[in-house]
Amino acid sequence: MAKNTREYNFDGLVGPTHNYAGLSFGNVASSNNIQSVSNPKQAALQGLKKMRALAQSGFAQALLPPQSRPDFALLHRCGFRGSDAELITCAAREAPVLLACAYSASPMWTANAATVSPSSDTGDGRCHFTVANLNNKLHRAVEHLHTEHILRTIFHDEKHFSIHGALPDTPAFGDEGAANHTRLCASYGSAGIELFVYGRSEFDSTVLAPARFPARHTLEASQAVARLHGLSGGRTVFFQQNPAIIDQGVFHNDVIAVGNGNALFYHQQAFVAEAAGMARLSSAMQQQGISLQAIRVDSAQVSVDDAISSYMFNSQLLSKPDGKMALVVPQECRENTAVATYLAGLIAAGDIIDELLCFELDQSMRNGGGPACLRLRVVLSGAEAAAMHQGVIVTESLYIALAAWIERHYRDRLSPQDLADPAFAIEVQTAMQELSRILAMPELIKK
Ligand code: SUG
């Protein structure tokens with residue numbers, strides 16, 4: 001068993017271009033807030049405060065930086081030519097949606113950056129990452145090359161880490177990363193069971209798919225990731241997401257379920273063939289000596305609609321030193337009576353989860369991103385943690401530097417029309433240059 005193993009949460013630092021462009025069909029919050037005015041400064045500070053609070057409580061906390069925006073390469077690939085200012089002006093006039101895609105701050109939702117298997121699960125004893133292609137949405141499909149670059153920079157030591165580039169960029173391999181993956185284990189340093197959740201299958205026509213909204217993630221993608229990571233068959237379990245709830249707005253599994261340690265907290269309607277699936281999961285876990293603690297919420301307690309609007313399952317379930325877990329939820333969970341009542345009962349019983357940590361994240365929430373979306377979990381042994389780039393670990397001094405940087409560079413009001421102003425691009429690039437110095441990552445600036 002690897003020594004001093006801990007789960008690091010790599011939160012996405014919200015970039016200065018955070019805006020509401022309504023780019024994610026099937027994500028109800030994104031569609032509902034289309035064209036509204038965002039507050040990037042508040043968004044970034046809200047996310048940073050969550051990171052700081054969790055670091056102060058003793059959880060291992062790091063961050064992934066925002067990506068350079070606008071993505072001029074996307075505009076080039078779509079046929080725009082000229083200087084940076086000309087690219088922006090032409091795109092704003094002829095194809096404002098493409099400009100919004102080029103400006104999206106969506107890399108902030110790092111649960112979609114990659115799928116991660118810790119070294120205790122993989123064939124070669126290294127920690128494996130497969131970068132997600134996010135090919136269902138244009139604004140997200142442009143993320144993966146830069147994400148790969150950032151992961152290779154942070155996890156550069158090939159003795160410990162193996163980074164796989166994105167799967168083939170075609171609908172058969174729709175991959176949304178860790179948002180559809182959960183690892184269950186007895187302790188972080190021991191071998192676990194990896195649960196992959198997919199929305200549809202490309203090659204098996206008997207697998208039902210949603211009718212209204214897209215299923216972004218395929219079975220074939222999950223299987224490919226398991227192969228790339230060298231996960232043994234006995235240690236992987238595949239569940240299908242219930243297509244009916246995708247059609248209600250559950251665009252990623254982490255909107256309806258979250259796992260940690262040996263616990264799986266989920267809604268009764270989350271999966272197809274729930275009982276059979278849970279039996280498979282439980283038996284796979286038992287073979288590793290892990291007993292599943294299922295916390296099943298039924299529809300009479302909390303409806304799927306309430307779960308979606310409050311994001312109660314888009315929570316972080318964090319192990320505490322005393323063996324109990326804390327649940328990190330967005331403020332919206334306090335405002336929904338059914339959810340607040342359920343959570344109060346859960347905490348009062350205190351069997352597995354005995355603490356609720358609540359954060360104001362409404363800027364991200366309005367684009368469909370709660371606490372779980374904002375973080376990528378990476379389980380690291382002591383040696384692996386020491387081998388990664390240290391500049392991204394959230395310490396009090398990094399918090400202070402970043403808060404001051406946000407105050408200096410971020411706007412507190414950004415409308416879709418503001419993206420048309422070439423001066424904004426220069427403002428953003430200046431901020432990114434300074435960030436690369438703060439994080440000691442010169443590679444952040446995309447040439
Ligand atoms: O992919 N929203 C993101 C939210 C991602 C949430 N992540 C997890 N559930 N893990 C998405 O739909 C909205 C952007 C806009 O509309 O401007 C957006 O991309």
Side-chain angles (χ1 to χ4, degrees), residues 9-12 14-15 17-40 43 47 64 66-67 69-71 96-116 132-144 147 174-182 197 199 213-217 241 245-246 249-259 270 307-316 328-330 332 361-377 414-416 418-419:
N9 278 277
F10 283 76
D11 279 44
V14 178
T17 66
H18 160 68
N19 73 97
Y20 300 118
L23 299 173
S24 275
F25 176 64
N27 167 346
V28 180
S30 156
S31 301
N32 286 347
N33 291 302
I34 185 168
Q35 302 287 317
S36 60
V37 172
S38 65
N39 183 337
L64 293 183
Q67 301 188 0
R69 292 290 181 265
D71 187 330
V97 176
L98 285 183
L99 184 63
C101 288
Y103 259 119
S104 178
S106 56
M108 67 200 264
W109 299 296
T110 53
N112 305 116
T115 305
V116 187
N133 59 28
L134 299 172
N135 68 21
N136 194 263
K137 302 280 177 262
L138 176 60
H139 68 293
R140 304 224 60 184
V142 299
E143 292 175 32
H144 70 85
T147 302
D175 179 10
E176 299 280 315
N180 294 322
H181 173 259
T182 298
V197 184
F213 291 145
R216 299 193 196 183
H217 197 119
Q241 228 189 321
I245 61 160
I246 297 181
V250 181
F251 58 98
H252 288 137
N253 179 62
D254 69 3
V255 174
I256 204 73
V258 57
I308 296 173
S309 62
S310 67
Y311 259 37
M312 71 177 268
F313 293 101
N314 196 259
S315 47
Q316 292 176 250
V328 177
V329 296
E332 285 73 0
L361 295 165
D362 63 287
Q363 282 290 320
S364 168
M365 286 283 286
R366 296 178 72 220
N367 254 336
C373 303
L374 285 162
R375 62 93 170 93
L376 181 68
R377 295 189 274 187
L414 189 64
S415 72
D418 293 331
L419 306 183

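Counting from 1, the numbers follow the sequence of the chain as shown. Whatever order the structure lists ligands and atoms in, that order sets their numbers, starting from 1.
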Of all the atoms in ligand 1, which lie at a distance below 4.0 Å from a heavy atom belonging to [X]?
| X | result |
| --- | --- |
| Asn27 | 2 (N), 3 (C), 4 (C), 11 (C), 12 (O) |
| Arg216 | 1 (O), 11 (C), 12 (O) |
| Gly368 | 4 (C), 6 (C) |
| Ala179 | 10 (N) |
| Ala111 | 10 (N) |
| Cys373 | 6 (C), 7 (N), 8 (C), 9 (N), 10 (N) |
| Ser30 | 13 (C), 15 (C), 16 (O) |
| Asn19 | 17 (O) |

**Prompt:** When you check the side-chain N and O atoms of Ser106 and Gln67, is any donor under 3.5 Å from an acceptor?
**Reply:** no
Tell me, which protein residue and heavy-atom name are nearest [atom], and how many Å apart are they?
| atom | result |
| --- | --- |
| atom 10 (N) of ligand 1 | Asp254 OD2, 2.7 Å |
| atom 19 (O) of ligand 1 | His139 NE2, 2.7 Å |
| atom 17 (O) of ligand 1 | Ala21 N, 3.1 Å |
| atom 5 (C) of ligand 1 | Arg140 NH1, 3.5 Å |
| atom 15 (C) of ligand 1 | Asn367 OD1, 3.3 Å |

Side chain [X], main chain [Y], donor-acceptor under 3.5 Å:
| X | Y | answer |
| --- | --- | --- |
| Ser30 | Gly368 | no |
| Asn367 | Asn19 | yes |
| Ser38 | Leu414 | yes |
| Asn180 | Asn253 | yes |
| Ser104 | Cys101 | no |
| Gln363 | Asn39 | yes |
| Ser31 | Gly22 | no |

Would you say [X] has any N or O atom under 3.5 Å from an N or O of ligand 1, going by distance alone?
| X | answer |
| --- | --- |
| Ser106 | no |
| Ser24 | yes |
| Gly22 | yes |
| Glu176 | no |
| Gly369 | no |
| Asn112 | yes |

**Prompt:** Going through the checks in order, is the side chain to side chain contact (heavy atoms under 4.5 Å, CB included) test met by His217 and Asp175?
**Reply:** CA-CA 5 Å; His217 197 119; Asp175 179 10; 3.2 Å; yes
**Item:** Among Leu361, Asp362, Asn314, side chain to side chain contact (heavy atoms under 4.5 Å, CB included) partner for Glu332
**Value:** Asp362
**Request:** Go through the steps to decide whether Phe251 and Asn136 satisfy the test side chain to side chain contact (heavy atoms under 4.5 Å, CB included), and finish with yes or no.
**Result:** CA-CA 11 Å; Phe251 58 98; Asn136 194 263; over 6 Å; no
**Asked** Got a second to check how far Asn9's CG is from Leu376's CG, nearest 0.5 Å?
**Response** 8.5 Å
